[in-house]
There are 4 protein chains.
Amino acid sequence: MRKRIMEKALELIRDSSYKDLTVADVAYEAGTSTSTFYVYFSDIEDVLFACVREADQDLGRIKDVLNQEWSSDNMAAMVSEFVDSYMNIWEQHAVELRIRNQEADQGNLRFLQFRLESTREIIEGLEKKVAEAQPHCKNPLSLALVLFTAMERLAGANFRALAGATRITRKKLNDAIKELWMMLLVKGPCD
Amino acid sequence: MRKRIMEKALELIRDSSYKDLTVADVAYEAGTSTSTFYVYFSDIEDVLFACVREADQDLGRIKDVLNQEWSSDNMAAMVSEFVDSYMNIWEQHAVELRIRNQEADQGNLRFLQFRLESTREIIEGLEKKVAEAQPHCKNPLSLALVLFTAMERLAGANFRALAGATRITRKKLNDAIKELWMMLLVKGPCD
Amino acid sequence: MRKRIMEKALELIRDSSYKDLTVADVAYEAGTSTSTFYVYFSDIEDVLFACVREADQDLGRIKDVLNQEWSSDNMAAMVSEFVDSYMNIWEQHAVELRIRNQEADQGNLRFLQFRLESTREIIEGLEKKVAEAQPHCKNPLSLALVLFTAMERLAGANFRALAGATRITRKKLNDAIKELWMMLLVKGPCD
Amino acid sequence: MRKRIMEKALELIRDSSYKDLTVADVAYEAGTSTSTFYVYFSDIEDVLFACVREADQDLGRIKDVLNQEWSSDNMAAMVSEFVDSYMNIWEQHAVELRIRNQEADQGNLRFLQFRLESTREIIEGLEKKVAEAQPHCKNPLSLALVLFTAMERLAGANFRALAGATRITRKKLNDAIKELWMMLLVKGPCD
DNA sequence: GATGAATGAGAATTCATTCAT
DNA sequence: TATGAATGAATTCTCATTCAT
């Protein structure tokens, strides 16, 4: 039942905004009563957090790419693989990750904390790549963070939400992200 | 009274999440009754939209920087001025802009539409700058969009919300953003 | 409406135990909705407290009897008047005073506090009467308190609740209370 | 398990009001499930009644004092022993006896009946003592009942609940009760 | 004897909204 | 323009209770 409730909660969010997701709705959709809902979760946020948690486990896969060697020879390939993998995972867990970000952005501590932990290793991994590729770079962390932020937001962005959406495709966007990483890793900052 | 209600609504959001902002709260804070609230606004979203609208007018200032010539001589200065101006405006209207983005991200059409219009000119301006500086660049729009997205998100980011927040300062972050713009405008993409 | 809600709440309690008095019941009986109930009271306890408060104002009358002179000449008359008055007030506000005592007995601080204040003057008045009538009496306060407690409890006692109820009448009980006060005030404690 | 549930129910009441004691709470505290609770008891009232019943058995001891001869020679000693014994038993079973009285006061028939039976013999015993000591006394039953009521209420009273609590000690109170019994038994009513 | 899982039924509570003044 | 009073319509939440194992 617990599992079933989680699934249905996600389904409902996929369709409409999660702002007005009610316990009654979820329970009904899962074919059960609100009382049963409260056996497993303390409130709507609680189910969502459980979903986010579960989705996060898949995010671990991205670290594999970061654990490999990124040399000037395979740089383009690695960057490409990294960005594609990341985008892939987001596509699979778009709903959950968007919730995670929205809640965190709205200052929800539980989700904030969780996102922090969940992204730290990735950001640190990227920082290291930048530092290795551009030893003279003064603040690789900030640079990595900026591009990572862009990547994450664009991954989660509803395409309707992008300016001039008509002229832009997911493919072009991903390419642009890759190019910027390459710029940073190969050419490095200006001075 | 209308003005007063808007102000108090913003104040209340500054303190806590706007998700549970109620008409009664706002009315009370503004020292009036809910009935009066309804004289001016149709619901909470309505006040917020009015606030966002108002804040947006200041955003027009950023276009001045984009209307100037960005040549290789003054590039660093212009980029710096652009980023600083943008960050400045965000600081002044953090609450409103954050609401705008959150609502848009959650798929609220009114806000989505509004953000689209509000950012289009800026993004197109940036696209033109990239295209001018790097005539061979294949998709200046996507590149501009990526960096603009990063900039905007980091502007609105609560610092608590940033990974490894302790090691990062607003200054470093802004510098990183500037460096990335410079990289793009001066060195250009890899091939 | 406020007044109406209070009245109906009392009526409902008169009929059945107040333990399972619900907001919905009261609202329904008062011909209104629960929302209206919450405009005036925060919960059931709150209405009851308001009722108790109101009833308490009548209790002030009892002090008139205590403010008169109780001499050996009129002692019997004064004691009789005091007990009768007290019993009278209880009869008029049986429901409210019983609630006050039950809540206080169950440790409800608000009611405890209120009862304390409400009875203090009476008890102190009685203490003074005992001390005047029996100057050698060592602890007039305790003696007065014991009889006052008995009086109050018997006033509020449902007659069903009294042992051997069949043989006892309200009249006999009141007489017994008067006799005990007389014993204390006229003859005094044993040594 | 049955025993364990009873114990834990009492413990929980000791801490907070029994009005919001739930089956789930008791079961949890007893380290078992609600289903098991229902194997032994039909509801919360049922456990409480079982507890009260058990506590009542100790109350039988008080009758020993009443079965002895109370003559003018040993009157003070007997009264003292009676009051002390009674207070002692109350101290030991404060929780149970308070529940008994509260439920009875609220009109719960089961508890009302039980209290009636449980106190009848004592009250009749006291009536007989008064009648023996004061043969001319017109209604010894009422007089005995009044003082017995006082005694019982003060025994169960939380000291916080007593007016002017600061100036009164348990000792003084017990002494006052004894004095009143002595007054009644030795000097008798006024005419 | 014991219990895990589930739930029906109802209670409290909130809030946007209306309407007469 | 302003508001006091009232409420409809949800929604959350709790709890006693059952039943298959």
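Just so we're on the same page: letters track the sequence lines, and every chain starts at 1.
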Take atom [atom1] of [X] and atom [atom2] of [N], then tell me their distance rounded to the nearest Å.
X      : N       : atom1 : atom2 : result
I5(A)  : dA5(E)  : CD1   : C1'   : 12 Å
M1(B)  : dT3(F)  : CE    : C1'   : 12 Å
K19(B) : dT11(F) : NZ    : P     : 15 Å
Y18(A) : dT11(F) : OH    : P     : 17 Å
Y28(A) : dA10(F) : OH    : P     : 15 Å
D46(C) : dA12(E) : CG    : P     : 14 Å
R4(C)  : dT7(F)  : CZ    : P     : 10 Å
L12(C) : dA11(E) : CG    : P     : 13 Å

Sidechain-backbone polar pair: R4(A) side chain, A30(A) backbone, donor-acceptor under 3.5 Å
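Checked: pair present.
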
Determine yes or no for a side-chain-to-main-chain donor-acceptor pair under 3.5 angstrom, with T36(A) supplying the side chain and T32(A) the backbone.
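Such a contact is absent between T36(A) side chain and T32(A) backbone.
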
By side chain to side chain donor-acceptor pair (under 3.5 Å), which residues pair with E103(A), not counting sequence neighbours?
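E103(A) satisfies side chain to side chain donor-acceptor pair (under 3.5 Å) with Y18(A), N108(A), K19(B) only.
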
With E7(B), which residues qualify under side chain to side chain donor-acceptor pair (under 3.5 Å), at least two apart?
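So E7(B) forms no side chain to side chain donor-acceptor pair (under 3.5 Å) with any residue.
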
Contacts of type salt bridge (Lys or Arg N to Asp or Glu O under 4.0 Å), residue [X], not counting sequence neighbours:
X      : answer
E54(B) : K3(B)
R53(D) : none
R98(B) : none

Note, DNA chain F 5' to 3' with Watson-Crick or G-U pairs under 3.5 Å encoded as ( ), [ ], | and . gives .||||||||||||||||||||

To the side chain of V39(C), which of dT3(E), dT3(F), dT7(F) is closest?
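In terms of side-chain proximity for V39(C), the closest of dT3(E), dT3(F), dT7(F) is dT7(F).
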
Please, which pairs that meet salt bridge (Lys or Arg N to Asp or Glu O under 4.0 Å) have at least one residue in residues 24-50 of chain D, sequence neighbours excluded?
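Checked against salt bridge (Lys or Arg N to Asp or Glu O under 4.0 Å) - neighbours excluded - the pairs reaching residues 24-50 of chain D are E45(D)-R110(D), D46(D)-R110(D).
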
Please enumerate all protein N or O atoms sitting under 3.5 Å from an N or O of nucleotides 14-17 of chain F, with distances to 0.1 Å.
| from | atom 1 | to | atom 2 | distance (Å) |
| --- | --- | --- | --- | --- |
| dA16(F) | OP2 | V23(D) | N | 3.1 |
| dT17(F) | OP2 | Y38(D) | OH | 3.3 |
| dT17(F) | O4 | T34(D) | OG1 | 3.4 |

Nearest-nucleotide 5' precedence on DNA chain E, G31(D) against T32(A)
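Per heavy-atom nearest nucleotide, the more 5' residue is G31(D).
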
Looking at residues at least two apart in the chain, or sitting in another chain, which of them share a ring-ring contact (aromatic ring centres under 6.0 Å, His included) with F114(A)?
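By the ring-ring contact (aromatic ring centres under 6.0 Å, His included) rule, F114(A) matches F49(A).
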
